[in-house]
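Chain A is the first sequence line, chain B the second, and so forth, proteins listed ahead of strands; every chain is numbered from 1.
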Amino acid sequence: MGIDGLLTFVRSASSEVHISKFAGQRVAIDASSWLHRGAFSCARELALGQETDRYLRFPLRMIAMLRSHCVEPVLVFDGAKLPMKVRTDRLRSAARSAALQRAHREQRDKDFTDSITVTPAMADRLLRKLRESDTAFVVAPYEADAQMVFLVEHGHCAAAITEDSDLLAFRCPRTIYKLSPETGYCRLHSFDDLCHATDSSGSLLFDDWQSWKTGLFTDMCILSGCDYLPSIPGVGLKTAHAALSTHRSMQRAISALHDKFIWSKAQSADPAGRAELLQLTSEHLELCTMCQQIFKYATVWDPVSAALVPLHQLGTSLDIRDRDRLGPLMAPSDAKLLCEDGVLDPTSLQLYPTVEQSTASMPKREDVRSRFFDAVCPRVNTAACEPSSISIVQQNVVRRETAESALPLNEGAVAPCETDTFLYSAGVRSPMHFKAFHVPLSDEAKTAAFESAHLFAIDSPPCLGDAFLQRFRGI
DNA sequence: CCCTAGGGATACTA
DNA sequence: ACTCGTCCCTAGGG
């Protein structure tokens, strides 16, 4: 989805080029989008759970095409889901499963293709092919978009190839859209060229480009509705652009839009109702600020320092809950296995099943065991379980009662936060069944663990966008 | 009049 | 026991 209509909105500032323009350079590739397109060739098989790997053909052909023009690809894979994106993800997966049900009933081709979903297992298959052919890749800890922007900004890649307009919201210096598999022609968006963007009448869209470049452009994307936050119903790109053009700040633009789209609808509101509207406005501003942070400081993998870092340098230290929204950090050893080696499933942080079986490519057991696990549970009896099966896991449902219950000797750790939504957990996976052990952690211990870049696991927080929209509709 | 939101066609393969 | 669409056209609202 990305930003609805953004690419056509700024089309005047883009240019048609041939991919050979980047000959002799590396480009970052959005691997998921290629896997998605490849999956159309075998939609029915995938939907019915039949064994196939035809979805690999398209990405492999695209890689060959790039190399034929002396362009070296770096494939970037998606990582775990950001908590603020759960609203979008739920909508998508609901639509897919509905299509799948229709497909089973009616056997229509369209329903099969609509039900297509790219799974981590498919990404794993592609990763194996990439290792065989010596093709570079990175697995993003979270959003592939942010990871690609990091690679371009730090000179590892000359440009990013994708279909997702979010890269512009992330302010990617050079983004390539609509790369043709046959001809190699594509559409290049250079971020700094946006200063020349015009509307249909020919007047400049972004007057005083410097202020748009440093923030207002991303603010416009957020206000018009992005994957992390829906817009005020009735507000799209043009309206967001107009509001920011005149008011020149997110805060003033929001209050102006609320005046126009919300307050005017509730003219008859009593004093209590007006207070609630005021509250709604300030809540919306807060949500938009969170989005600003994600677009600026999303967690990415730095291949040079081999560590998880924010996309841009953090100016100030963030509150721990704000920090978690950008993508929780994890144990350094796990981060390397996930992002550089590509042998972990991003959401479970477990080894891909088939990797576990082939001992040849299996990492050393010491690497798999998390240092966080040792730090939090020094008394754990590791001999009681297989060392290779110890790993940090993200625990979906851990109740406070469980966490505060008495704690036998060889048990792991979990610390509930004030909200019960952000949890710190370590677990042990035995070959037969999963067991998670819990101990309460003090606030100091949580902060200490965080600062030493150890693991955080998060449960799904409430859908922030939903709450906002529901209250809006209630007016 | 302009803008947003939603529906329909469409992708992939040799 | 499973991760992301997009373009074009039009109806309908402000």
Between A/Leu60 (CG) and B/dC12 (C1'), how many Å, whole number?
14 Å
Using whole Å, report how far CZ of A/Arg44 lies from P of B/dA11.
17 Å
Centroid-centroid distance, A/His241 to A/Phe206, less than 6.0 Å
yes
Once you apply a heavy-atom cut-off of 4.0 Å, does A/Thr113 come out as touching a base, just sugar-phosphate, or nothing?
base
Spacing of the P atoms in B/dT13 and C/dT3 (rounded, Å):
24 Å
Quick one: A/Ile3 CD1 to C/dT6 P, roughly how many Å, whole number?
11 Å
Nucleotide nearest A/Arg61 when distance is taken to its side chain, options C/dC2, B/dC3, B/dA14
B/dA14
Which value, in whole Å, describes the distance between the C1' atoms of nucleotides B/dG6 and C/dG5?
15 Å
Testing B/dA11, B/dT13, C/dT3 for proximity to the side chain of A/Phe58, the answer is B/dT13
Could you please name the option among B/dC3, C/dT3, C/dT6 that lies closest to any side-chain atom of A/Thr239?
B/dC3
A/Leu100 atom CG is separated from C/dC2 atom P, nearest whole Å, by 14 Å
Let's see if you can work this out: which of C/dT3, B/dA11, B/dT4 has an atom nearest to the side-chain heavy atoms of A/Asp114?
B/dA11
Any A/Ser33 side-chain N or O less than 4.0 Å from OP1/OP2 of C/dG5
no
Measuring centre to centre across the rings, with the benzene-like ring taken for any Trp, is A/Phe295 within less than 6.0 Å of A/Tyr228?
yes
Remember a base hit wins even if backbone is also touched, and classify A/Gly236 as base, sugar-phosphate or nothing at under 4.0 Å, heavy atoms.
sugar-phosphate
Could you tell me whether the side chains of A/Glu163 and A/His36 share a donor-acceptor contact shorter than 3.5 Å?
no
Assign A/Leu35 to base, sugar-phosphate, or nothing according to its heavy-atom contacts below 4.0 angstrom with the strands shown.
nothing
Let me spell it out: for each of A/Asp145 and A/Lys260, pick the nucleotide of DNA chain C with the closest heavy atom. Which residue's pick is nearer the 5' end?
A/Asp145
Atom-to-atom span, CG of A/Leu349 to P of C/dC2 - whole angstrom:
15 Å
d(CE, A/Met1; C1', C/dC7) in whole Å:
15 Å
Can you tell me which nucleotide in B/dT4, C/dT3, C/dC7 comes closest to the side chain of A/Thr117?
C/dT3
A/Ala240 or A/Glu182, whichever maps to the more 5' nucleotide of DNA chain B:
A/Ala240
Whichever of A/His36 and A/Gly234 has its nearest DNA chain B nucleotide further upstream toward 5':
A/Gly234
Select base, sugar-phosphate, or nothing to describe what A/Arg57 touches, counting heavy atoms under 4.0 Å on all strands.
sugar-phosphate
Heavy-atom side-chain proximity of A/Phe22 to A/Leu188 below 4.5 angstrom
yes
What integer distance in Å separates A/Leu237:CG from C/dT6:P?
14 Å
With nearest nucleotides of DNA chain C determined for A/Lys178 and A/Asp227 from heavy-atom distances, which residue corresponds to the more 5′ nucleotide?
A/Asp227
Side-chain N or O of A/Arg92 less than 4.0 angstrom from OP1 or OP2 on C/dG5?
yes
Could you check how far CG of A/Leu179 sits from C1' of C/dT6, rounded to whole Å?
16 Å
Could you go through A/Phe191 and A/Trp212, starting from their C-alpha distance and side-chain angles, then the distance that decides it, and tell me whether this counts as ring-ring contact (aromatic ring centres under 6.0 Å, His included)?
CA-CA 11 Å; A/Phe191 192 75; A/Trp212 289 98; over 10 Å; no
May I ask you to check whether A/Tyr177 and A/His189 place their ring centers less than 6.0 Å from one another?
yes
Considering only the P atoms, how many Å lie between B/dA14 and C/dT6, rounded to the nearest integer?
24 Å
